[in-house]
Chemist: 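Okay, here's the structure, questions in a sec.
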Amino acid sequence: MSEIIPPRVLKGFRDSLPEHEISRKHIQNVLEHTFELYGFVPIDTPVLEYTEVLLGKGGGDTDKQIYRFKDNGGRDIAMRFDLTVPFARFMAGHGAELYLPFKRYHMGKVFRGENTQRGRYREFVQCDFDIVGIDSAAADFEILLLMARCFENLEAPDVGFHTAHRGVFTRFLAKLGAAEHSVEIMRAVDKRSKIGEHEVRTLLADRIGETAADELLAYIRPQATNEATLAMITELAGGEDNETRRLNTILEWSEKLGLSDRVVLDPSITRGLDYYTGIVYETFLRQLPEIGSVCSGGRYNDLASLYTKQHIPGVGSSIGLDRLMAALEELDKLPPAGAGVDVLVLCMEERLIGRYHEIAEHMRGTGIRAEVYPEAKKLAAQFSYAEKRGIPIGIICGAIEAESSVMNLKNLETRTSDDQLSLAEATQKARLILQRRSHQNYNA
RNA sequence: GUGGAUGUAGUUCAGGGGUAGAGCACCAGAUUGUGGAUCUGGCUGUCGCGGGUUCAAAUCCCGUCAUCCACCCCA
């Protein structure tokens, strides 16, 4: 009778199937574990905020493509488009209850009504980590170190952390007499890796003239080593100061901690966001740079000023989980989804299902994830079910075995069977196989 | 948001006005307590959706939705 409603989902929004979701959970677990190793604590904030909180008082004229609407009480509401702005509001509201320096991480969905592309969705998960309440090389470096360890622990291949310094760049622009064009300049500069130096020069020359354009190009061109690049931008910006010295310190510590193969001082990184004031970061997978940065951030020294008179400096970075997953998937480097279940108790006869649950419960009691196949289908069908689920171990117990309280344990990966085991022996054997597997995965 | 490409079986893709196809996958049997081989047989479709032109549309036209690419912005 009734019309069927097409089960469609919105452009830029996606369902996540178990295989995908298991990978995501795995990635999130690795990240959470890493953050906690460095003393970061979790927080959460609402998905919806007052529009004025997200956009500032004059919120109407921004071109941010945000989801915005009126709720049933007539409130002007918007969905968060990142986790940094809500965090600023959070700090302004809760600063007195917290302590400084405060290090938090935050994973959550954010929403942007922009056009879609691969690795670019309207709903996506960001994973932010920030250190607030301190303005120093120590914090800037810790964020960089944590970025490196996150990608290391995710076993992501060939990652490059590109860093630059907004403050030094601003000083350089002032010296160049081009400070008032900084927004357009940064946009042009950001495209260097995409459209090439020649095109950037054309864009810049229109704005600030050919001489200045050439000097700008010189500034954003990375040298053979980070030291040489730093020396070059220091000179072009008018000499050493606290900011260039801090950059130098961060590079030295990076070298000391073994990151110098991945950390690149790259003055063409500017970051479009206007709240950055110090160091900025962008992270690229070197095998897939065109998908864009998978983890970016930087230092912002007056972010919470919209909401409080208190001065709260901070530095942080944000991993784009969905983009990262899209990239790893394309590189075939997504961590294996894993079984979710360790043991399948096969069903030989339905009257024995009580016995099967007894076996499964015993194994669960020792921490083994087990499930019972619920009907006496052909064994081949049960085996192929186990294979699809990636379940590594099967327990086979028919009438004859049940009679004498034994069972056969089959290693579904090697297809070898151990017969006539007691429940305790089978459990022990299963643990052994699982231990060996996880050990292998660890080394692989 | 603007411009372009694409959309056919579970999947990868052919067919470009005249009865919708192939490989793989899947199901059944050979083989009723141990699945990766072989053979035999079989199933699978609102040709993204809606309209139009035509005797006739998967095919041509218009619209729409989605995906991908570029711009823009960024994770």
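Throughout, a chain's letter reflects where its sequence line sits, starting with A, and its residues are numbered from 1.
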Chemist: Under 3.5 Å, is there any donor-acceptor pair linking the side chain of A:Lys410 to the base of B:G35?
Modeler: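 Pair found.
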Chemist: Counting distance alone, no hydrogens or angles: does the base of B:C73 have a donor or acceptor under 3.5 Å from a partner atom on the side chain of A:Arg187?
Modeler: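 When only heavy-atom distances are counted, A:Arg187 does not reach the base of B:C73 through any donor-acceptor pair under 3.5 Å.
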Chemist: Not counting sequence neighbours, which residues clear side chain to side chain donor-acceptor pair (under 3.5 Å) with A:Thr34? List them please.
Modeler: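 In terms of side chain to side chain donor-acceptor pair (under 3.5 Å), with neighbours along the sequence ignored, A:Thr34 is linked to A:Asn153.
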Chemist: Do the side-chain N and O atoms of A:Glu282 and A:Ser296 include a donor-acceptor pair separated by under 3.5 angstrom?
Modeler: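 A:Ser296 and A:Glu282 do not have a side-chain donor-acceptor pair below 3.5 Å.
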Chemist: When all nucleic acid strands are considered with a 4.0 Å heavy-atom cut-off, which category describes A:Leu412: base, sugar-phosphate, or nothing?
Modeler: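 Base contact.
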Chemist: Between B:G33 and A:Glu401, counting only base atoms on the nucleotide and side-chain atoms on the residue, is there a donor-acceptor pair under 3.5 Å?
Modeler: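 Flag set: donor-acceptor pair detected.
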Chemist: Write out the stems for RNA chain B, ordered by first number and formatted as range with range, counting runs of at least 3 consecutive Watson-Crick or G-U wobble pairs under 3.5 Å.
Modeler: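 Looking at RNA chain B, the stems formed by three or more consecutive pairs are B:1-7 with B:65-71, B:10-13 with B:21-24, B:26-30 with B:38-42, B:48-52 with B:60-64.
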Chemist: Do A:Asp44 and A:Arg104 meet the salt-bridge criterion of a basic N to acidic O distance under 4.0 Å?
Modeler: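 A salt bridge is absent here (no side-chain N lies under 4.0 Å from a carboxylate O).
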Chemist: What N/O pairs connect the protein and nucleotides 7-11 of chain B at under 3.5 Å? Give each pair on its own line.
Modeler:
none

Chemist: Applying side-chain contact (heavy atoms from CB on, under 4.5 Å), name anything that partners A:Glu361, two or more places apart in sequence or on another chain.
Modeler: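 Here the qualifying residues are A:Arg364.
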Chemist: Can you tell me the distance, in whole Å, between the CG atom of A:Leu346 and the P atom of B:G33?
Modeler: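 From A:Leu346 CG to B:G33 P: 13 Å.
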Chemist: For B:C26 and B:U12, measure between their C1' atoms and round to the nearest Å.
Modeler: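 Pairwise C1' distance, B:C26 against B:U12, rounds to 15 Å.
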Chemist: With sugar-phosphate meaning primed atoms plus P, OP1 and OP2, does A:Ala327 contact a base, only sugar-phosphate, or nothing at under 4.0 Å between heavy atoms?
Modeler: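 Result for A:Ala327 = nothing.
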Chemist: Can you tell me the distance, in whole Å, between the CZ atom of A:Phe129 and the C1' atom of B:A75?
Modeler: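 Value for this atom pair: 12 Å.
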Chemist: If you pin A:Ile291 and A:Lys191 to their nearest nucleotides in RNA chain B, which one's is more 5'?
Modeler: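 The residue mapped nearer the 5' terminus is A:Lys191.
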Chemist: Roughly, in whole Å, what's the span from CD1 in A:Ile269 to P in B:C74?
Modeler: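 For the pair A:Ile269 CD1 and B:C74 P, the rounded distance is 13 Å.
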Chemist: Mind calculating the distance between CG (A:Leu321) and P (B:A75) to the nearest angstrom?
Modeler: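 Between P of B:A75 and CG of A:Leu321: 14 Å.
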Chemist: Checking A:Asp71 now: which residues fulfil salt bridge (charged side-chain N to carboxylate O under 4.0 Å, His left out) with it, not counting sequence neighbours?
Modeler: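 With neighbours one apart ignored, the set is A:Arg75.
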Chemist: Fit a plane to each ring of A:Tyr219 and A:Phe169, take the angle between them on a 0 to 90° scale, and name the class: parallel (under 30°), tilted (30 to 60°) or perpendicular (over 60°).
Modeler: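 If you compare the ring of A:Tyr219 with that of A:Phe169, the planes turn out tilted.
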Chemist: Considering only residues two or more places apart or on different chains, which pairs with a residue in residues 129-150 of chain A satisfy ring pair (Phe, Tyr, Trp, His ring centres under 6.0 Å)?
Modeler: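 Checked against ring pair (Phe, Tyr, Trp, His ring centres under 6.0 Å) - neighbours excluded - the pairs reaching residues 129-150 of chain A are A:Phe35-A:Phe129, A:Phe141-A:Trp253.
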Chemist: Would A:Arg299 count as a cation-pi partner of A:Tyr276, with NZ or CZ less than 6.0 Å from the six-membered ring centre and within 45° of the ring normal?
Modeler: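 Output no; distance or angle outside limits.
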Chemist: Within the 4.0 Å heavy-atom criterion, would you say A:Cys127 contacts the bases, only the backbone, or no part of the nucleic acid?
Modeler: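 Contact class for A:Cys127: none.
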Chemist: Tell me which residues in residues 414-422 of chain A put a heavy atom below 4.0 Å from RNA chain B, sorted by number, or none.
Modeler: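 Those residues are A:Arg415.
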Chemist: Using the 3.5 Å cut-off, write out each protein N or O paired with an N or O of nucleotides 63-69 of chain B and the distance between them.
Modeler:
residue : atom : partner  : partner atom : Å
B:A66   : OP1  : A:Lys11  : N            : 3.3
B:U67   : OP1  : A:Gly12  : N            : 3.0
B:C69   : OP1  : A:Arg118 : NE           : 3.0
B:C69   : OP1  : A:Arg118 : NH2          : 3.4
B:C69   : OP2  : A:Arg118 : N            : 2.8

Chemist: Going by heavy atoms in the side chains, are A:Tyr281 and A:Val315 under 4.5 Å from each other?
Modeler: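 SC-SC contact between A:Tyr281 and A:Val315 confirmed.
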Chemist: Taking only residues two or more places apart in sequence or in another chain, which ones pass side chain to side chain donor-acceptor pair (under 3.5 Å) with A:Asp419?
Modeler: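 Testing A:Asp419 for side chain to side chain donor-acceptor pair (under 3.5 Å), a comparison that skips the adjacent residues, returns A:Ser417.
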Chemist: Using the C1' atom on both, measure B:C55 against B:G63 and round to a whole Å.
Modeler: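 To the nearest whole Å, 26 Å.
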Chemist: Could you check how far CE of A:Met407 sits from C1' of B:G33, rounded to whole Å?
Modeler: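 My rounded result for the distance is 16 Å.
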Chemist: Ignoring hydrogens and angles, state whether a donor on the side chain of A:Asp130 or A:Tyr300 is under 3.5 Å from an acceptor on the partner side chain.
Modeler: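 Looking only at side-chain atoms, A:Tyr300 and A:Asp130 do form a donor-acceptor pair, the distance falling under 3.5 Å.
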Chemist: Who are the side chain to side chain donor-acceptor pair (under 3.5 Å) partners of A:Glu210, not counting sequence neighbours?
Modeler: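 Side chain to side chain donor-acceptor pair (under 3.5 Å) list for A:Glu210, sorted by chain: A:Arg201.
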Chemist: Any salt bridge (charged side-chain N to carboxylate O under 4.0 Å, His left out) pairs touching residues 402-411 of chain A, not counting sequence neighbours?
Modeler: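 Passing the test, one end in residues 402-411 of chain A: no pairs.
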Chemist: Tell me which of A:Glu413 and A:Glu290 sits closer to the 5' end of RNA chain B, going by the nucleotide each one is nearest to.
Modeler: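 Per heavy-atom nearest nucleotide, the more 5' residue is A:Glu413.
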Chemist: How close or far is atom P of B:G35 from atom OH of A:Tyr373, stated in whole angstroms?
Modeler: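 One finds 16 Å between P of B:G35 and OH of A:Tyr373, rounded.
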Chemist: Determine whether A:Cys127 and A:His106 make a side-chain contact, defined as any pair of heavy atoms from C-beta on separated by less than 4.5 Å.
Modeler: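 A:Cys127 vs A:His106: side chains apart.
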Chemist: To the nearest Å, give me how far apart CG (A:Asp322) and C1' (B:C74) are.
Modeler: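 From A:Asp322 CG to B:C74 C1': 14 Å.
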Chemist: Taking only the P atom of each, what is the distance from B:C60 to B:U6 in whole angstrom?
Modeler: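 One P to the other, the span is 10 Å.
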Chemist: Atom OH of A:Tyr385 to atom P of B:A25: distance rounded to whole Å?
Modeler: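 Rounded to whole Å, this separation is 22 Å.
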Chemist: Which residues satisfy the side chain to side chain donor-acceptor pair (under 3.5 Å) test with A:Tyr67, sequence neighbours excluded?
Modeler: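 Side chain to side chain donor-acceptor pair (under 3.5 Å) check on A:Tyr67 returns nothing, list empty.
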Chemist: Using atom P in both nucleotides, what's the gap between B:G45 and B:A58 to the nearest angstrom?
Modeler: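 Comparing P positions in B:G45 and B:A58 gives a spacing of 16 Å.
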